[in-house]
Enquirer: 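Before I ask anything, here is the structure I am working with.
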There are 2 protein chains.
Amino acid sequence: MKQTGDLNLVKKINKTIVLHHIRTDSPISRAKIAEITGLTKATVSSLVNELIESSLAQEIGAGESSGGRKPMMLLFNGTAGYAIGVDLGVHDMLAVLTDLTGKVIREKRIQHYNESVEQVTNLLKETIRALIETAPQSVYGVIGIGLGVPGIVDEEGNLLFAPNLGWENVSLQSELEAEFGLPVVIDNEANAGAVGEKQFGAGKDTANLIYVSIGMGIGAGIIIKNELYRGATGFSGEIGHISIQHDGPKCRCGSLGCWELYASEHALLEQAGRELGHEVDLESLLTKAESGDAGVIQLFERLGYYLGVGVVNIINGYNPEFIILGGRLAGGEKWLMKPLLELLKKRSLPHPRKQLKVEFSELGDRSTVLGAASFAVTKFFASTTVSVDRS
Amino acid sequence: MKQTGDLNLVKKINKTIVLHHIRTDSPISRAKIAEITGLTKATVSSLVNELIESSLAQEIGAGESSGGRKPMMLLFNGTAGYAIGVDLGVHDMLAVLTDLTGKVIREKRIQHYNESVEQVTNLLKETIRALIETAPQSVYGVIGIGLGVPGIVDEEGNLLFAPNLGWENVSLQSELEAEFGLPVVIDNEANAGAVGEKQFGAGKDTANLIYVSIGMGIGAGIIIKNELYRGATGFSGEIGHISIQHDGPKCRCGSLGCWELYASEHALLEQAGRELGHEVDLESLLTKAESGDAGVIQLFERLGYYLGVGVVNIINGYNPEFIILGGRLAGGEKWLMKPLLELLKKRSLPHPRKQLKVEFSELGDRSTVLGAASFAVTKFFASTTVSVDRS
DNA sequence: GAAAGTTTGTAAATTCATTAAACAAACTTA
DNA sequence: TAAGTTTGTTTAATGAATTTACAAACTTTC
């Protein structure tokens with residue numbers, strides 16, 4: 001109920017709609033946009049010309065005629081600007097430079113040993129600066145920076161709590177904005193991953209999906225009606241701390257029997273270590289399973305079971321159409337999927353389950369970084385063409 | 001991305017905003033509305049006059065001057081029309097006639113023995129008809145019917161599945177619309193309850209709340225940013241079937257260890273029956289606890305513990321500001337609340353917990369019926385002044 | 001190959017809700 | 001009583017969309 005309506009709003013709405021179609025349905029003609037949207041040809045023409053003026057759209061020549069004058073086809077100009085996306089991990093960071101369509105232009109992977117907040121943020125700044133410097137010449141230049149982090153972020157972009165990094169109350173957004181003079185968006189890595197999958201991955205055609213990020217812990221990004229749902233106060237999706245055993249072992253969050261104690265990468269490694277009598281890493285477990293080690297395969301299958309237990313809870317609680325499982329554990333898909341699907345079949349309610357798909361990510365470890373870059377692009381368009389949020 | 005912008009949209013937006021302020025901040029003057037909204041006095045004046053024309057607002061005389069001409073105070077005209085709300089329970093129904101502000105004009109409580117779908121719907125129709133006939137004369141008459149039902153409802157108002165009623169695939173909405181020629185809205189009783197609490201109960205000032213309805217089963221209505229969240233396909237909130245013990249007893253939903261097996265009214269009665277050696281009802285248990293029966297009190301405390309387990313899951317998964325516990329179990333608040341709060345304190349994550357409140361409903365068994373009536377009112381306004389939904 | 005019909009995109013005139021500016025009425029304060 | 005304030009209306013201007021008309025560029029048909 002904040003935003004009132006005026007002519008400016010109308011124009012922004014329509015311009016956003018027109019741009020949206022040029023971005024997603026291209027190549028497309030003015031006439032076709034008019035037909036799809038219900039706007040008149042005159043209106044579309046005027047808005048398209050403004051978009052061309054501002055370099056966001058371009059004409060690429062005549063298309064096929066269907067019995068009359070040939071249409072002039074329009075394309076979104078993805079190279080009018082560039083965005084930075086970063087996936088800040090516990091021991092590494094993945095950073096990309098993308099164009100406005102999300103196409104990766106350059107990519108950097110850096111290891112770090114998580115020495116101190118200052119050292120890591122310095123490394124982060126260096127990485128970002130290096131990418132900015134490689135950006136091609138363009139109308140708008142680098143338009144912003146998006147960041148996915150393994151922790152809880154508030155609406156002002158402060159990283160409130162990142163247990164696995166050991167960080168607390170870091171004003172990352174304002175620090176980066178001051179450093180680069182660019183708009184910065186920061187969000188939880190699972191949220192960024194969900195957006196990445198929605199925009200570029202298996203979730204492209206789904207309005208409601210949940211991305212479950214399985215790493216040291218378990219997090220989830222929830223997309224409802226094509227929009228990221230952030231919960232009440234901006235930090236939601238701590239789904240790893242839903243208890244699946246009310247009197248189970250104690251979790252560092254204070255609760256007992258949390259899902260991530262059973263179904264995370266960390267849980268797998270710990271269990272494997274106990275059974276094998278020595279420390280192991282995920283890669284060696286995958287190799288062993290591949291070579292037919294029955295004990296290790298059983299470990300994966302057990303993990304698949306526990307993954308399923310939590311996924312059933314998600315289904316019953318959130319009722320999504322599509323669940324995408326991401327994180328490095330995706331490598332064990334072969335052994336995880338069967339027990340997981342069996343459990344779902346047995347345990348989830350019939351009605352919500354009907355149209356549900358469960359898959360492992362096809363973007364691999366890039367969902368988060370792509371989602372992060374897409375945050376920056378979205379913010380850029382919001383500031384120029386803007387669809388105003390109403391409630 | 002469906003709705004395009006035009007002058008009509010602008011007017012609808014602004015008219016809705018103006019009406020909103022007249023509904024919530026009344027008595028209020030035109031000048032004050034202009035000041036709050038940022039609209040010009042001319043615009044507000046014009047819109048207010050149209051609202052008066054259509055009987056939704058009225059002038060009630062001059063207010064206090066603050067150093068100039070006295071303002072003409074405006075009031076929402078709650079008696080321009082009336083709405084019907086019904087809470088269809090398993091063995092009873094509660095139906096009300098309210099005015100457009102939600103004030104209850106008349107109320108009917110009917111027992112039924114759930115004989116057959118036809119018999120119960122006939123009783124439902126009779127009850128509604130009786131209430132419609134008692135509606136006072138008004139400009140718009142009875143503007144619609146809202147219904148809360150103990151089951152899963154799709155977007156077309158079909159009751160897909162109501163285990164405790166034993167109903168399946170009943171086209172209630174179309175049947176009632178045909179019968180009365182009025183708009184009908186049907187939703188899950190927990191969703192209706194959540195809206196009721198949000199509009200008229202303890203949740204009035206909270207944008208994000210969850211209403212947990214504890215009855216034979218457990219359901220939840222989720223309100224995010226002042227709007228009901230219905231999940232992907234329209235039926236969410238089956239939160240009673242989130243498992244709190246992955247290898248627990250089998251639930252009729254197919255899963256194991258569902259929350260409602262531990263924390264529902266049904267669970268309490270069953271447990272009590274086992275321990276006491278004979279069947280009991282909730283009233284007698286409350287009486288016994290009141291008179292100091294240690295065994296029964298312990299039963300309630302144990303239930304409080306299990307309620308807490310599920311509430312922690314809700315907190316970690318949805319991150320609401322306010323959790324309202326409703327249903328007949330509210331009578332045991334005295335013994336339930338302490339173990340519940342203790343558990344929350346121990347087990348929920350520090351960040352989400354910060355600004356959280358947990359309370360029992362103050363509307364008692366009326367949250368659902370009031371929410372249902374409010375559905376009808378909302379639909380009425382959506383069809384006349386309409387704030388257009390965009391995505 | 002000419003005539004007829006289609007499709008695309010632009011141009012001109014019209015519509016209409018908002019804004020801005022001016023103002024009259026009603027009231028308080030000095 | 002005069003000066004200043006506040007309220008709410010009136011009038012003119014703004015600007016984005018629509019409607020209608022039309023020219024240009026095609027395809028189809030005879």
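Letters go in sequence order (proteins before strands), and every chain restarts at 1.
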Enquirer: Tell me the ring pair (Phe, Tyr, Trp, His ring centres under 6.0 Å) pairs involving residues 33-81 of chain A, sequence neighbours left out?
Expert: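 Output for this query lists Phe76(A)-Phe381(A).
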Enquirer: Ile28(B) has an atom CD1; how far is it from atom P of dT7(D), in whole Å?
Expert: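 Checked: the CD1 to P distance equals 11 Å.
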Enquirer: Starting at NZ of Lys41(A) and ending at P of dT20(D), how long is that distance when rounded to a whole Å?
Expert: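 That distance rounds to 13 Å.
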Enquirer: For residues 62-79 of chain B, pull every pair meeting salt bridge (Lys or Arg N to Asp or Glu O under 4.0 Å), keeping only residues two or more places apart or in separate chains.
Expert: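 Non-adjacent pairs meeting salt bridge (Lys or Arg N to Asp or Glu O under 4.0 Å): zero.
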Enquirer: For Thr43(A), enumerate each residue passing the side-chain contact (heavy atoms from CB on, under 4.5 Å) test, keeping only those at least two apart in sequence or located in another chain.
Expert: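 Result, side-chain contact (heavy atoms from CB on, under 4.5 Å) vs Thr43(A): Leu39(A), Thr40(A), Leu47(A).
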Enquirer: Distances under 3.5 Å only, N/O to N/O: pair up the protein atoms with those of nucleotides 26-30 of chain D.
Expert:
residue: dC26(D); atom: O4'; partner: Gly68(A); partner atom: O; Å: 3.4

Enquirer: Answer yes if the ring centres of Phe380(B) and Tyr140(B) are under 6.0 angstrom apart, and no otherwise.
Expert: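 Yes.
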Enquirer: Residues two or more places apart in sequence or in another chain: which of them pass side-chain contact (heavy atoms from CB on, under 4.5 Å) with Pro71(A)?
Expert: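 By the side-chain contact (heavy atoms from CB on, under 4.5 Å) rule, Pro71(A) matches Ser29(A), Met73(A).
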Enquirer: Pairs in or reaching into residues 48-61 of chain B: which pass salt bridge (Lys or Arg N to Asp or Glu O under 4.0 Å), with residues at least two apart or in two chains?
Expert: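 Passing the test, one end in residues 48-61 of chain B: Lys11(B)-Glu50(B), Lys15(B)-Glu50(B), Arg30(B)-Glu59(B).
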Enquirer: Taking side-chain contact (heavy atoms from CB on, under 4.5 Å) as the definition, give me every residue that meets it alongside Val184(B), ordered by chain and number, with sequence neighbours left out.
Expert: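 Testing Val184(B) for side-chain contact (heavy atoms from CB on, under 4.5 Å), a comparison that skips the adjacent residues, returns Ile145(B), Gln173(B), Leu176(B), Glu177(B), Ile186(B).
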Enquirer: Write out a two-atom table: protein N or O, nucleotide N or O from nucleotides 11-17 of chain D, distance below 3.5 Å.
Expert:
residue: dA17(D); atom: OP1; partner: Asn14(A); partner atom: ND2; Å: 2.9

Enquirer: Could you pull out all residues at least two apart from Glu156(A) that satisfy side-chain contact (heavy atoms from CB on, under 4.5 Å)?
Expert: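 With neighbours one apart ignored, the set is Asp154(A), Asn158(A).
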